[in-house]
Amino acid sequence: ATENLTIEQRNVPTAAFDVKNRVLVVPTLDKNISGQLYDLFMGHEVGHALWTPVEGVEKALEQKLNRAALNIIEDARIERKIKTKYPGLRNSFLKGYKELLDRDFFGTKGKDLQSFNFLDRINLHTKHGVHLGIKFNTVERALLAEVDSTETYDDVIEVSKKIIAYMQEEKQKKMESADFEEDEEGDSSGNYADFDEWDNSDLEEGEEGRQTEAEFGGDEETEDDEMDTSYYEAGGYEVGDDEIRSF
């Protein structure tokens, strides 16, 4: 990572990077973690070490921006940059993500990927590529192009705002359509499941609901309602207040 990072092996299911104290935590290499998956974890976290600024994360959280959106877009940015800096990682990322998909790491097995919300589809598309066959409408393709062109963390913040604004607008349209159908049919059969799975809180307040593929931050605030933004984790397990999961 071009600096003297502290690297620790621990009995954890995935990797993490402490952006403040510069500690990279990796799972103990054993029969459950292939070489390509280890390279994926290491490459991902070194990407955070090189390009995720702690002051940028703190700025985003102060603005109460949606953590899942920030995390997904930042993952796409740092992975694109690390594969450009170290081209040999491209094959490891490709095979490593296929292995995670086969393990159902992202909870997608047997599910219609097209039914996932926009953020989840972005996350799957940027990590697994076009072979998943995920489709995007015209507006979504334009936003996805912006995700693919982010250079700085400030870019990540701005694209996150646009994506959440779009999702809010789409949610409002769906709710209005359901209300209209209810008035026409005289019942309350409107189905908001595809939105409520992810968004069961107020997006404007920067809170996150369902985050199958990514979670940015812990589940609870600290006593003074501030969050330590130390850790960027590639997770799928419970995290504390000072940890941030990457995927």
Side-chain angles (χ1 to χ4, degrees), residues 13-15 32-45 47-48 66-84 86-150 155-156 159-160 162-164 166-167 170-171 174 193-199 208-216 232-237 245-247:
T14 188
N32 294 316
I33 301 177
S34 66
Q36 62 203 21
L37 192 55
Y38 205 81
D39 285 347
L40 166 59
F41 284 155
M42 290 289 284
H44 182 97
E45 300 308 333
H48 284 306
N66 184 274
R67 296 168 187 168
L70 289 164
N71 199 58
I72 288 168
I73 298 166
E74 175 64 347
D75 274 1
R77 182 180 78 97
I78 61 100
E79 288 195 353
R80 185 175 68 251
K81 291 174 77 70
I82 198 72
K83 287 185 287 187
T84 299
Y86 301 112
L89 284 175
R90 292 182 182 276
N91 193 48
S92 294
F93 271 66
L94 181 66
K95 292 182 177 179
Y97 274 129
K98 183 181 183 305
E99 183 176 335
L100 289 177
L101 198 65
D102 291 341
R103 293 186 181 193
D104 199 29
F105 184 84
F106 297 94
T108 59
K109 191 176 238 180
K111 296 180 181 178
D112 177 10
L113 302 185
Q114 202 57 45
S115 69
F116 283 21
N117 70 73
F118 183 38
L119 270 179
D120 285 341
R121 284 183 286 124
I122 289 175
N123 194 42
L124 290 170
H125 177 81
T126 55
K127 284 179 168 57
H128 299 283
V130 298
H131 75 277
L132 290 181
I134 298 174
K135 297 179 181 179
F136 300 91
N137 64 34
T138 302
V139 175
E140 291 172 346
R141 285 196 298 271
L143 289 169
L144 184 59
E146 292 198 43
V147 172
D148 290 337
S149 64
T150 51
D155 294 338
V156 170
V159 176
S160 297
K162 292 180 181 180
I163 287 174
I164 293 305
Y166 165 74
M167 293 181 72
E170 290 300 297
K171 176 183 178 181
K174 189 172 183 69
D194 53 342
F195 283 92
D196 290 343
E197 280 183 334
W198 179 78
D199 174 33
E208 68 276 10
R210 181 175 96 82
Q211 296 173 20
T212 301
E213 275 67 61
E215 182 167 330
F216 193 114
Y232 248 95
E233 294 206 352
Y237 59 99
R245 280 189 283 187
S246 300
F247 59 83

Quick one: pull up [atom1] in [X] and [atom2] in [Y] and give me the separation to the nearest 0.5 Å.
X    : Y    : atom1 : atom2 : result
K162 : I73  : NZ    : CD1   : 10.5 Å
L113 : K135 : CG    : NZ    : 12.5 Å
R90  : I82  : CZ    : CD1   : 11.0 Å
L101 : R103 : CG    : CZ    : 12.0 Å
K111 : T108 : NZ    : OG1   : 7.5 Å
I122 : L144 : CD1   : CG    : 6.0 Å

Of L70, N71, I72, V147, the one forming a side-chain contact (heavy atoms from CB on, under 4.5 Å) with V156 is L70

Going by side chain to side chain contact (heavy atoms under 4.5 Å, CB included), name the residues that satisfy it together with [X], two or more places apart in sequence or in a different chain.
X    : value
N137 : V139, E140, Y166
K95  : Q36, N91
K81  : W51, R77, E151

Please report the closest heavy-atom contact between [X] and [Y], naming both atoms and the distance.
X    : Y    : answer
G43  : F93  : C-CZ, 4.0 Å
D39  : S92  : OD2-OG, 3.3 Å
R141 : F136 : NH1-O, 2.7 Å
S149 : R80  : C-NH2, 3.9 Å

Does a side-chain heavy-atom distance below 4.5 Å link [X] with [Y]?
X    : Y    : answer
F116 : I134 : no
I78  : E45  : no
L119 : I164 : yes
D75  : T126 : no
F118 : L143 : yes
L94  : K98  : no

Does this structure show an ion pair linking K83 with E79, if we count only N-O contacts that are shorter than 4.0 Å?
no

In terms of ring plane angle, is the pair F106 and Y97 parallel, tilted or perpendicular, where the classes change at 30° and 60°?
tilted

